[in-house]
Student: 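Below you'll find the structure I mean.
Just so we're clear, the structure is a prediction, and the values are computed from it rather than from any experiment.
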Amino acid sequence: MKLSNLEKKTVLVVEDERPLAEAIKTKLMKTGFDVVSARTVVQALQYLEEGVKIDAIWLDHYLLGSENGLDFVTKTKDEKSKWKNIPIFVVSNTVSQDKVQAYLKLGAEKYYTKSNFRLEQIINDICSTLNVKCNKI
């Protein structure tokens, strides 16, 4: 079932690899989400600061620029942050337990290793977390 306009949710995809970002965006849109994309922490924060309504964030660890996904989560999940309640789904090549634990401790919703999860699985988790019915892809 496709998301109705009343339920339309927006996912911010923060991914530096263009082909992968496009694949993620396409799958999310087919599921019924609106999608905004960023390749850097600065660009992602700019969307949030400009008031773009973001319901969930798909975040890679390695990004263009000097900051990485951990920097982004630290800024958005800070106790004073107005974005602290937006669920963040970290999808990365990095599998070190230290990084996984750091993300989860900072408040990331879930952590996925790219090689172990299909896009559909992650998107289904986003749908579930946002409590919306999504198109099957």
Student: Locate the shortest heavy-atom distance separating K8 from G32; write the atom from each residue and the value.
Tutor: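 So the minimum-distance heavy-atom pair works out to NZ-O, 3.2 Å.
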Student: Given the rule that I, L, V, M, F, W and Y join up when any side-chain heavy atoms are under 4.5 Å apart, are L59 and L104 in one cluster?
Tutor: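 Looking at the clustering, L104 is in the same group as L59.
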Student: Roughly how far apart are L12 CG and I86 CD1, rounded to 0.5 Å?
Tutor: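 The distance works out to 8.0 Å.
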Student: Before you tell me yes or no, could you show the steps for V13 and L28 under side-chain contact (heavy atoms from CB on, under 4.5 Å), namely the whole-Å CA-CA distance, both residues' side-chain angles and the distance that decides it to 0.1 Å?
Tutor: CA-CA 10 Å; V13 175; L28 284 166; 3.6 Å; yes
Student: Restricting to non-hydrogen atoms, name the atom on L63 and the atom on N68 that form the minimum distance, rounded to 0.1 Å.
Tutor: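 Smallest heavy-atom distance, with atoms named: CD1-C, 4.0 Å.
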Student: Could you give the side-chain donor-acceptor pairs of residues 106-117 under 3.5 Å, partners two or more places apart or in another chain?
Tutor:
unit_1 : atom_1 : unit_2 : atom_2 : d
Y111   : OH     : T94    : O      : 2.3
Y112   : OH     : D125   : OD2    : 2.6
K114   : NZ     : E15    : OE1    : 3.2
K114   : NZ     : D60    : OD2    : 3.4

Student: Would you say V36 and I24 are hydrophobically clustered, going by side-chain heavy atoms of ILVMFWY under 4.5 Å?
Tutor: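 Shared cluster, no.
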Student: So which atom in A56 and which in I126 form the shortest heavy-atom distance, rounded to 0.1 Å?
Tutor: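 Closest approach of A56 to I126, heavy atoms only: CB-CG2, 4.0 Å.
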Student: If every non-hydrogen atom of T31 is compared with every non-hydrogen atom of C134, which pair is closest and at what distance?
Tutor: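 So the two residues come closest at CG2-CB, 3.0 Å.
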Student: Ignoring hydrogens and geometry, is there a side-chain-to-backbone donor-acceptor pair from Q43 to R39 under 3.5 Å?
Tutor: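 Yes, because the side chain of Q43 sits within donor-acceptor range (under 3.5 Å) of the backbone of R39.
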Student: So which heavy atom on P87 is nearest to which on D55, and how close?
Tutor: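 Between these two residues, the closest heavy atoms are CD-O, 3.2 Å.
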Student: With sequence neighbours excluded, what pairs up with K77 under the side-chain contact (heavy atoms from CB on, under 4.5 Å) test?
Tutor: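 side-chain contact (heavy atoms from CB on, under 4.5 Å) list for K77, sorted by chain: V73, I88.
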Student: Could you give the distance from CD (E22) to OG (S37), rounded to the nearest 0.5 Å?
Tutor: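 Output value for this atom pair is 6.5 Å.
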Student: Write down the atom of K27, the atom of I123, and the distance for their closest heavy-atom approach.
Tutor: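 The answer is CB-CD1, 3.6 Å.
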Student: Which other residues end up in the same hydrophobic cluster as L64, if Ile, Leu, Val, Met, Phe, Trp and Tyr are linked when side-chain heavy atoms come under 4.5 Å apart?
Tutor: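 When side chains under 4.5 Å apart are linked, L64 ends up in no cluster with other residues.
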Student: Does any N or O in the side chain of S128 come within less than 3.5 Å of the main-chain N or O of N124, such that one atom is a donor and the other an acceptor?
Tutor: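 Side chain of S128 to backbone of N124: no pair is present.
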Student: Establish whether V52 and F72 are linked, either directly or via other cluster members, by ILVMFWY side-chain heavy-atom contacts under 4.5 Å.
Tutor: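 In one cluster with V52: F72, yes.
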Student: Could you state whether L48 and V35 fall into the same hydrophobic cluster, counting links through intermediate Ile, Leu, Val, Met, Phe, Trp or Tyr residues with side-chain heavy atoms under 4.5 angstrom apart?
Tutor: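 Cluster IDs for L48 and V35 differ.
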Student: Set out, in order, the CA-CA distance, both residues' side-chain angles and the distance that settles side-chain contact (heavy atoms from CB on, under 4.5 Å) for E67 and V42, then state yes or no.
Tutor: CA-CA 8 Å; E67 296 178 295; V42 171; 4.1 Å; yes
Student: Can you check side-chain contact (heavy atoms from CB on, under 4.5 Å) on L119 and W58, steps first, answer last?
Tutor: CA-CA 11 Å; L119 295 177; W58 178 302; 3.6 Å; yes
Student: For the hydrophobic clusters of this structure (ILVMFWY residues joined by side-chain heavy atoms under 4.5 Å, transitively), does one cluster hold both L70 and V100?
Tutor: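 Same cluster.
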Student: Given L45 and W83, is the side-chain contact (heavy atoms from CB on, under 4.5 Å) satisfied, shown in steps?
Tutor: CA-CA 10 Å; L45 289 171; W83 311 301; 4.3 Å; yes
